[in-house]
Amino acid sequence: MSSPGVNGDPKPPCLPRNGLVKLPGQPNGLGAASITKGTPAVKNRPCQPPPPPTLPPPSLATPLSRAALAGGPCSPAGGPASAPVPGPPAERPPLATDEKILNGLFWYFSACEKCVLAQVCKAWRRVLYQPKFWAGLMPVLHAKELYNVLPGGEKEFVNLQGFAARGFEGFCLVGVSDLDICEFIDNYALSKKGVKAMSLKRSTITDAGLEVMLEQMQGVVRLELSGCNDFTEAGLWSSLSARITSLSVSDCINVADDAIAAISQLLPNLAELSLQAYHVTDTALAYFTARQGHSTHTLRLLSCWEITNHGVVNVVHSLPNLTSLSLSGCSKVTDDGVELVAENLRKLRSLDLSWCPRITDMALEYVACDLHRLEELVLDRCVRITDTGLSYLSTMSSLRSLYLRWCCQVQDFGLKHLLAMRSLRLLSLAGCPLLTTTGLSGLVQLQELEELELTNCPGATPELFKYFSQHLPRCLVIE
């Protein structure tokens with residue numbers, strides 16, 4: 001609406017400016033109208049002084065140029081006629097709900113952050129619930145989280161539709177029973193064929209429950225059993241299927257040599273085996289057959305206290321194609337056992353000898369001489385390793401990751417040998433008490449280093465960390 005002038009006469013309308021055109025009131029009773037295109041600040045600018053009377057005010061019949069709609073100057077009224085303006089372009093959705101933008105943005109968030117972001121609005125949830133954002137992740141569900149308590153006190157199994165929409169191929173169930181597993185199979189739409197990996201931890205699953213689970217869930221090829229003390233070796237004999245390619249068994253008190261016999265006989269396609277069993281002996285490692293010899297590439301024997309060098313002999317003869325071997329915590333293995341490994345498993349790329357107190361520098365000489373493809377070596381808590389052993393390792397041109405946590409005899413002189421290892425990308429010296437600030441400062445020569453761990457290292461001072469930040473800018477230094 002027009003405002004009255006000083007003498008009571010209506011003011012002429014404002015001229016177009018930066019895409020803002022004020023249209024005079026129309027006799028149809030609709031009042032004033034405006035077309036706004038430009039910066040928000042333009043909307044509230046005061047009117048300019050009245051224009052010369054020779055210029056008629058703009059009317060609805062005066063077409064607006066494309067420049068005016070885009071925020072540019074308008075053609076003066078009465079000037080050359082502008083070309084007709086086409087219809088307004090289709091409005092793009094706001095950036096906050098533009099699926100093309102969101103599909104690229106959400107890759108930058110962690111899994112926990114994505115769970116929070118999915119609760120913002122339906123548009124974000126629709127984008128985030130695509131399986132591509134959750135590939136390789138495994139939800140962890142505790143037994144108490146599987147049920148909702150109804151007002152009458154009864155329990156109802158939770159709705160797992162959100163998990164199915166995201167296409168999870170693996171689940172970790174903690175503290176569940178046979179009944180809980182049956183309920184999960186009945187209520188998760190993808191359980192029969194879509195689930196590829198199952199992990200049961202601290203659960204009371206029995207032989208019958210294990211058999212039902214593997215019989216019903218035909219898609220499972222990776223299985224983990226940790227802290228499950230109610231199933232027996234007979235349950236493994238009755239339930240294991242040849243389709244399983246990865247098996248991990250740890251802290252299950254009923255697992256002994258006969259369990260290894262079941263694994264070797266029933267799993268011809270086994271590619272990866274991780275075993276933490278305190279009662280497994282050298283005899284069990286002789287059960288592996290030629291079928292596993294062709295397929296098995298990863299073997300982890302964790303804290304198998306009864307295994308000796310004789311068991312190592314059985315491993316290297318039965319599984320010659322191993323590329324990853326862990327003897328962590330096998331405290332009876334000595335340098336002779338490592339020599340057998342180095343001479344017979346030339347394809348090894350990863351070797352874990354942590355917590356083997358009988359390993360000495362001689363074992364490292366065998367490793368350096370024969371394992372030319374080795375990329376990762378773990379020597380945590382090998383308390384008899386000295387600077388001499390590190391001098392052997394300095395000749396390994398393929399080694400990328402070296403762990404020396406709590407090797408209490410390593411000194412500054414040993415670090416000087418490592419400075420020649422230009423292939424190193426990860427080095428852990430956590431807990432090495434004899435390393436000084438001076439010795440550690442020399443590590444700046446390893447310019448290709450990507451991660452350096454110095455936790456609980458007395459020689460790692462604040463000044464040293466500042467020095468590393470200046471001279472190793474691309475390296476993550478863990479304090």
Side-chain angles (χ1 to χ4, degrees), residues 250 276 300-305 324-335 337-338 350-365 367-368 374-394 396 399-421 423-469 471-472 474-479:
S250 60
Q276 181 182 9
R300 302 184 186 93
L301 301 174
L302 310 175
S303 299
C304 296
W305 299 333
S324 179
L325 173 64
S326 174
L327 298 173
S328 177
C330 297
S331 55
K332 293 184 178 181
V333 175
T334 67
D335 293 344
V338 177
S350 175
L351 178 61
D352 186 351
L353 299 174
S354 59
W355 294 86
C356 292
R358 303 189 185 191
I359 298 298
T360 70
D361 295 334
M362 188 62 64
L364 301 190
E365 183 178 12
V367 169
L374 198 67
E375 298 178 358
E376 180 184 58
L377 180 60
V378 184
L379 299 171
D380 298 344
R381 295 283 183 175
C382 292
V383 295
R384 300 177 68 181
I385 297 296
T386 69
D387 296 343
T388 303
L390 299 189
S391 68
Y392 297 137
L393 297 182
S394 64
M396 302 184 68
L399 198 63
R400 296 176 60 86
S401 301
L402 178 61
Y403 297 86
L404 298 168
R405 300 185 184 102
W406 301 99
C407 290
C408 55
Q409 295 195 49
V410 173
Q411 303 183 43
D412 292 347
F413 184 72
L415 289 187
K416 293 182 179 180
H417 296 299
L418 301 183
L419 301 182
M421 303 178 67
S423 62
L424 269 186
R425 297 295 181 269
L426 187 154
L427 176 62
S428 177
L429 300 169
C432 295
L434 302 182
L435 298 179
T436 67
T437 303
T438 303
L440 291 170
S441 64
L443 295 175
V444 296
Q445 298 183 39
L446 298 175
Q447 285 295 308
E448 300 300 322
L449 205 61
E450 297 174 359
E451 184 174 329
L452 175 62
E453 184 182 11
L454 299 176
T455 309
N456 295 319
C457 195
T461 62
E463 293 77 12
L464 180 66
F465 290 124
K466 183 177 180 181
Y467 181 70
F468 282 149
S469 67
H471 295 84
L472 289 176
R474 294 179 296 178
C475 180
L476 174 62
V477 181
I478 303 176
E479 304 179 17

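Residue numbers run from 1 in the order of the sequence given.
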Does the side chain of [Y] come within less than 4.5 Å of [X]'s, by heavy atoms?
{"X": "R381", "Y": "S354", "result": "no"}
{"X": "L374", "Y": "L351", "result": "yes"}
{"X": "W305", "Y": "K332", "result": "no"}
{"X": "T360", "Y": "T388", "result": "no"}
{"X": "Y467", "Y": "S441", "result": "yes"}
{"X": "L402", "Y": "L418", "result": "yes"}
{"X": "L452", "Y": "L476", "result": "no"}
{"X": "L429", "Y": "L440", "result": "yes"}

For [X] and [Y], work out which heavy atoms get closest and say how close.
{"X": "W406", "Y": "V383", "answer": "O-CG1, 4.4 Å"}
{"X": "V410", "Y": "L390", "answer": "CG1-CD1, 3.6 Å"}
{"X": "C356", "Y": "C330", "answer": "SG-O, 3.7 Å"}
{"X": "C432", "Y": "L404", "answer": "SG-O, 3.2 Å"}
{"X": "L454", "Y": "F465", "answer": "CD1-CE2, 4.0 Å"}
{"X": "L449", "Y": "L426", "answer": "CD1-N, 4.0 Å"}

Flag if over 12 foreign heavy atoms under 6.0 Å of CZ, F413:
no
Counting heavy atoms not belonging to W355, are there more than 12 under 6.0 Å from its CH2?
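It does not: W355 CH2 has 12 such atoms or fewer within range.
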Would you sort out whether L379 and L364 count as a side-chain contact (heavy atoms from CB on, under 4.5 Å), showing the intermediate values?
CA-CA 10 Å; L379 299 171; L364 301 190; 3.8 Å; yes
Hey, could you give me the [atom1]/[atom2] distance between [X] and [Y], rounded to the nearest 0.5 Å?
{"X": "C382", "Y": "R358", "atom1": "SG", "atom2": "CZ", "answer": "13.0 Å"}
{"X": "R425", "Y": "E448", "atom1": "CZ", "atom2": "CD", "answer": "5.0 Å"}
{"X": "D380", "Y": "I385", "atom1": "CG", "atom2": "CD1", "answer": "11.5 Å"}
{"X": "M396", "Y": "L377", "atom1": "CE", "atom2": "CG", "answer": "6.5 Å"}
{"X": "L415", "Y": "Q445", "atom1": "CG", "atom2": "CD", "answer": "11.0 Å"}
{"X": "L464", "Y": "T437", "atom1": "CG", "atom2": "OG1", "answer": "6.0 Å"}

By side-chain hydrogen bond (donor to acceptor under 3.5 Å, both in side chains), S250 pairs with (sequence neighbours left out) S226
As a test of understanding, state which of V378, L327, L325, L301 forms a side chain to side chain contact (heavy atoms under 4.5 Å, CB included) with D352.
V378
Would R405 and E453 count as a side-chain contact (heavy atoms from CB on, under 4.5 Å) here? Give the steps.
CA-CA 9 Å; R405 300 185 184 102; E453 184 182 11; 3.1 Å; yes
L427 vs E451, side-chain contact (heavy atoms from CB on, under 4.5 Å): CA-CA, chis, key distance, verdict
CA-CA 6 Å; L427 176 62; E451 184 174 329; over 6 Å; no
Could you walk me through whether D335 and D361 pass the side-chain contact (heavy atoms from CB on, under 4.5 Å) check?
CA-CA 9 Å; D335 293 344; D361 295 334; over 6 Å; no
So, does S394 use its side chain to make a donor-acceptor pair with the main chain of A420 at under 3.5 Å?
no
Pair S401, E376: side-chain N/O donor-acceptor within cut-off below 3.5 Å
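No.
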